[in-house]
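All remarks here apply to the structure that follows.
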There are 2 protein chains.
Amino acid sequence: MTSSKPPAPRRRSEATRAAILEAARERFAADGYERATIRAIAKDAGIDPSMVMRYYGNKEGLFAAAVAIDLMLPDPASLAREDVGRALVTHFLAQWEENDVLTALLRVGATNEAGAERMQGVFREQVLPLARRFCPDPEQVPARAALVSSQLLGLALTRYVLRFPPAVELDTEEAVAWLAPTVQRYLTAPYPG
Amino acid sequence: MTSSKPPAPRRRSEATRAAILEAARERFAADGYERATIRAIAKDAGIDPSMVMRYYGNKEGLFAAAVAIDLMLPDPASLAREDVGRALVTHFLAQWEENDVLTALLRVGATNEAGAERMQGVFREQVLPLARRFCPDPEQVPARAALVSSQLLGLALTRYVLRFPPAVELDTEEAVAWLAPTVQRYLTAPYPG
DNA sequence: GTCTATAATTCGATAGAC
DNA sequence: GTCTATCGAATTATAGAC
């Protein structure tokens with residue numbers, strides 16, 4: 001009873017699950033929800049389509065799992081007030097280049113209700129608290145967070161989704177130099193009315 | 001030979017064509033390319049699906065026709081340098097609320113290559129020339145135009161597509177007050193390096 | 001745990017009657 | 001000019017063998 005613990009009861013399931021998730025992220029990021037078929041994802045992962053169903057139930061479950069990992073959020077406490085803008089833009093761009101989850105989320109969110117709701121969740125749980133930390137008037141917090149999101153997501157849209165050539169060719173330092181003052185202003189400047 | 005000209009040789013074709021286009025714009029704007037089915041569009045227009053094929057050949061042709069109308073562009077000559085930003089944001093928001101074409105274009109552009117290319121066309125033919133008019137250094141024109149697009153499309157994305165509540169609730173004057181200085185800076189200010 | 005086979009829909013597109 | 005009927009392809013999802 002004490003000695004024999006078989007090496008691992010589940011044969012290759014963990015590796016298979018991971019391969020499916022990685023392929024799913026790539027496909028969702030490249031094609032959006034509808035055109036990222038379970039068949040294509042399974043083919044990329046080198047397994048049978050029915051395995052996808054077995055592990056994730058249905059296509060919605062697969063998408064939810066594929067975009068479930070935590071991302072972003074430089075912790076608000078570590079940021080000095082005078083360069084929130086720069087820190088935020090830098091961190092945002094780095095996250096975006098690092099993996100496909102954000103692109104998948106944005107592309108799917110444009111045509112799929114579940115995707116849009118997940119994006120709203122990220123906004124609510126990550127951007128709102130950060131704005132709350134730096135904005136004086138609590139009543140202005142949601143609007144300011146939305147403005148920050150509009151600029152950050154707008155750059156991601158033109159750069160990674162629509163691929164406007166000048167937006168693609170912009171190097172990281174240029175993008176940060178231009179956007180940081182904008183984000184800084186949205187978060188900390190008085191209302192420009 | 002001279003007297004009898006039948007009221008109209010083509011019975012109702014013109015009205016039918018228009019009804020199809022309007023329904024198509026609404027569906028593409030609401031659902032994106034894949035989920036906006038020809039069947040659903042035909043039903044909205046109150047005609048048979050085969051009529052859509054007869055008039056527009058195939059689904060791609062229908063989409064091209066639905067987003068073919070000219071939009072935007074406040075003519076560059078009429079704008080004073082010191083308030084390009086305000087004028088541009090105001091005009092952009094008005095166009096966006098006025099009809100479904102821009103939302104359709106954005107939603108489709110996120111998952112469909114033809115849609116993305118059409119958006120690039122709008123950028124190239126409408127935003128680039130405008131930036132060329134106000135930017136000193138010709139070499140910086142494309143980047144500045146891309147930055148302007150990123151902010152304007154980013155607001156449209158969060159407001160009309162992803163529907164972040166604070167972005168939706170922003171009224172026009174607030175949006176203009178916040179975004180105008182950003183756009184103004186992207187177009188006319190020196191590079192903030 | 002993995003795959004084969006297939007059911008059940010749904011969609012774009014075509015042919016042809018009226 | 002409009003509609004009926006239908007084809008052929010592709011998709012999600014299931015049942016069951018190994």
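Chain naming here is simple, since letters A, B, ... match the order of the sequence lines and numbering starts at 1 in each. The analysis underlying the following values was restricted to heavy atoms, covering all of them including side chains, and did not include hydrogens, waters or symmetry mates.
- Contact annotation: the side chain of B/Leu102 approaches that of B/Gln95 to within less than 4.5 Å [non-hydrogen atoms, C-beta and beyond].
- Proximity note for A/Thr37 (side chain, C-beta onward) versus D/dG1, D/dT11, C/dC3: the nearest is D/dT11.
- Contact of the A/Tyr160 side chain with the A/Arg107 side chain is not registered, since no non-hydrogen atoms from C-beta on lie closer than 4.5 Å.
- Comparing D/dT2, C/dA13, C/dT2 by their closest approach to the side chain of B/Met51 singles out D/dT2.
- Of the candidate nucleotides C/dG1, D/dG1, C/dG12, D/dG1 has the atom nearest to the side chain of B/Ser13.
- Atoms CZ (B/Arg27) and P (C/dG12) sit 12 Å apart, rounded to a whole Å.
- Side-chain proximity of B/Asp48 to D/dA13, D/dC3, C/dT2: nearest is D/dC3.
- Remark: P of D/dT6 and CZ of B/Arg39 are 14 Å apart, rounded to the nearest angstrom.
- The local environment of CD in B/Glu97 is crowded, with over 12 non-hydrogen atoms from other residues, nucleotides or ligands closer than 6.0 Å.
- With hydrophobic clusters built from ILVMFWY side chains whose heavy atoms lie under 4.5 angstrom apart, A/Leu170 shares a cluster with B/Tyr191.
- Distance, A/Leu62 CG to D/dT11 C1': 15 Å, rounded to whole Å.
- As judged by a 4.0 angstrom heavy-atom cut-off over every strand, A/Tyr56 is placed among residues making no nucleic acid contact.
- Across C/dT2, C/dA13, D/dT2, the shortest atom-to-atom separation from the side chain of B/Lys59 is found for C/dA13.
- One can place CZ of B/Phe63 at 15 Å from P of C/dA13, the figure rounded to the nearest angstrom.
- Rounding to whole angstrom units, CZ of residue A/Arg54 and P of C/dC3 are separated by 12 Å.
- Relative orientation of the A/Phe28 and A/Tyr33 rings is parallel, given thresholds of 30° and 60° on the angle between their planes.
- Between B/Ser50 and the phosphate of C/dA13, there is no side-chain N or O to OP1/OP2 separation shorter than 4.0 Å.
- To the nearest angstrom, P of C/dT4 lies 17 Å from CE of A/Met53.
- Note: CD1 (B/Ile38) to C1' (C/dT14) measures 12 Å, nearest angstrom.
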